[in-house]
Amino acid sequence: MADCLFCKMLAGKIKPDVVYENDRIMAFRDINPQAPVHVLIIPKKHIATINDLHDTDTLLAGEIFIAAKKVAALTGIAESGYRTVMNCNADAGQSVFHIHLHVLGGRHLEWPPG
Ligand code: 5GP
Ligand code: ZN
């Protein structure tokens, strides 16, 4: 998708701070971190929102969580704890319409979220 920020990163037009990558997903640090560790995990396939996931994306959706586990270990927050969040559409505050799993950790996180 030419006008998608995260597709531009995947195409190498914008260079994020990548912490983990494989053939199907990429994980990079959020530009406006909300915790000492704040990483975004994206599929290399453009999917705008959770609502646009298909049954054929089952494996890919699962891989995003396996990547979250790896990112947590790589960034040293696996044992202290972390939160994964995927916002969908306006009420959740989604601002980039290429699905991404937030991985947040390195401090105590309040619940419920605002
Ligand atoms: P959303 O609000 O859609 O759930 O999350 C989008 C996230 O993308 C935000 O946390 C925002 O800080 C991050 N973001 C927006 N633009 C950029 C960018 O150019 N680079 C990086 N690394 N993160 C970005
Ligand atoms: Zn995209």
Side-chain angles (χ1 to χ4, degrees):
M1 288 275 292
D3 59 350
C4 169
L5 174 67
F6 291 169
C7 283
K8 282 181 189 154
M9 289 182 182
L10 292 167
K13 290 175 191 156
I14 300 168
K15 303 253 185 253
D17 181 1
V18 175
V19 297
Y20 176 76
E21 186 172 15
N22 68 24
D23 288 348
R24 295 161 299 280
I25 61 107
M26 184 166 81
F28 55 89
R29 292 190 190 275
D30 196 293
I31 203 169
N32 183 24
Q34 300 301 310
V37 174
H38 187 172
V39 172
L40 304 176
I41 301 172
I42 64 171
K44 292 192 172 178
K45 172 184 173 186
H46 180 88
I47 300 168
T49 78
I50 295 174
N51 294 338
D52 300 297
L53 282 164
H54 300 294
D55 289 350
T56 50
D57 295 317
T58 299
L59 209 57
L60 186 59
E63 265 206 75
I64 292 172
F65 276 96
I66 300 300
K69 180 186 92 164
K70 291 178 179 167
V71 165
L74 286 168
T75 56
I77 58 171
E79 300 310 320
S80 53
Y82 57 97
R83 183 167 296 160
T84 58
V85 177
M86 190 178 285
N87 295 317
C88 183
N89 283 336
D91 274 359
Q94 184 176 3
S95 60
V96 179
F97 287 83
H98 178 135
I99 58 167
H100 46 283
L101 188 70
H102 296 257
V103 179
L104 298 137
R107 68 169 172 85
H108 180 74
L109 300 164
E110 298 299 325
W111 190 264

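One-based numbering, in listed order, for ligands and for the atoms of each. Worth saying up front: this structure is predicted, and the values here are computed from it rather than measured. Start at 1 with the first residue, then count along the sequence.
For atom 22 (N) of ligand 1, the nearest non-hydrogen atom of the protein is Arg29 O, 2.9 Å. Summary of contacts: the protein heavy atom closest to atom 5 (O) of ligand 1 is His100 NE2, 2.9 Å. In terms of protein heavy-atom proximity, atom 11 (C) of ligand 1 is closest to Asp30 OD1, 3.4 Å.
Salt bridge absent: Asp3 and Lys8 never bring a charged side-chain N and a carboxylate O closer than 4.0 Å.
Note on Ile41: it clusters hydrophobically with Ile50, by side-chain heavy-atom contacts below 4.5 Å among ILVMFWY residues. Hydrophobic clustering (side-chain heavy atoms under 4.5 Å, transitive across Ile, Leu, Val, Met, Phe, Trp, Tyr) groups Phe65 together with Val19. Hydrophobic clustering places Leu74 together with Val39 (ILVMFWY residues linked when any side-chain heavy atoms are closer than 4.5 Å, directly or through intermediates).
Rounding to the nearest 10°, we obtain 110° for the angle at the Zn ion (ligand 2) between His98 ND1 and Cys7 SG.
The hydrophobic cluster containing Ile14 also includes Leu5, Phe6, Met9, Leu10, Val18, Met26, Phe28, Leu40, Ile42, Val96, under a criterion of side-chain heavy atoms closer than 4.5 Å among ILVMFWY residues, counted directly or through chains of members.
The number of heavy-atom neighbours closer than 6.0 Å to CG of Asn51, taken from other residues, nucleotides and ligands shown, is above 12. Counted within 6.0 Å of NZ on Lys69, heavy atoms from surrounding residues, nucleotides or ligands total 12 or fewer; the atom is thus considered open.
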Residues Leu104, Tyr82; criterion side-chain contact (heavy atoms from CB on, under 4.5 Å); working and verdict: CA-CA 5 Å; Leu104 298 137; Tyr82 57 97; over 6 Å; no

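Close approach of ligand 1 to Asn87 (heavy-atom distance below 4.0 Å) involves ligand atoms 4 (O). Listed by number with element, the atoms of ligand 1 under 4.0 Å from a non-hydrogen atom of Phe28 are 22 (N). Listed by number with element, the atoms of ligand 1 under 4.0 angstrom from any heavy atom of Met9 are 18 (C), 19 (O), 20 (N), 21 (C). Near Leu40, meaning under 4.0 Å from any of its heavy atoms, are these atoms of ligand 1: 7 (C), 8 (O), 13 (C). Every atom of ligand 1 is numbered from 1 in the order shown, and the set under 4.0 Å from a heavy atom of His102 is 1 (P), 4 (O), 5 (O), 10 (O). Heavy-atom proximity to Asn32, at under 4.0 Å, picks out these atoms of ligand 1: 12 (O). Of all atoms in ligand 1, numbered sequentially from 1 with element shown, those under 4.0 Å from a heavy atom of Gln94 are 3 (O).
Residue contacts with ligand 1, taken as heavy atom pairs separated by less than 4.0 Å, involve Ser95 via backbone and side-chain atoms alike. At a 4.0 Å heavy-atom cut-off, ligand 1 touches Leu5 through the side chain alone.
Considering Ile14, Thr49, Ile31, Val96 only, the shortest heavy-atom separation from atom 17 (C) of ligand 1 involves Ile31.
The closest approach of His46 to the Zn ion (ligand 2), by N/O/S atoms, is made by ND1.
For Gly93, a nitrogen or oxygen atom sits less than 3.5 Å from a nitrogen or oxygen atom of ligand 1, counting backbone and side chain alike.
Among all heavy-atom pairs drawn from Gly93 and Asn87, the shortest one is C-CB, 4.5 Å.
Aromatic ring centres of His98 and His100 lie farther apart than the 6.0 Å criterion allows.
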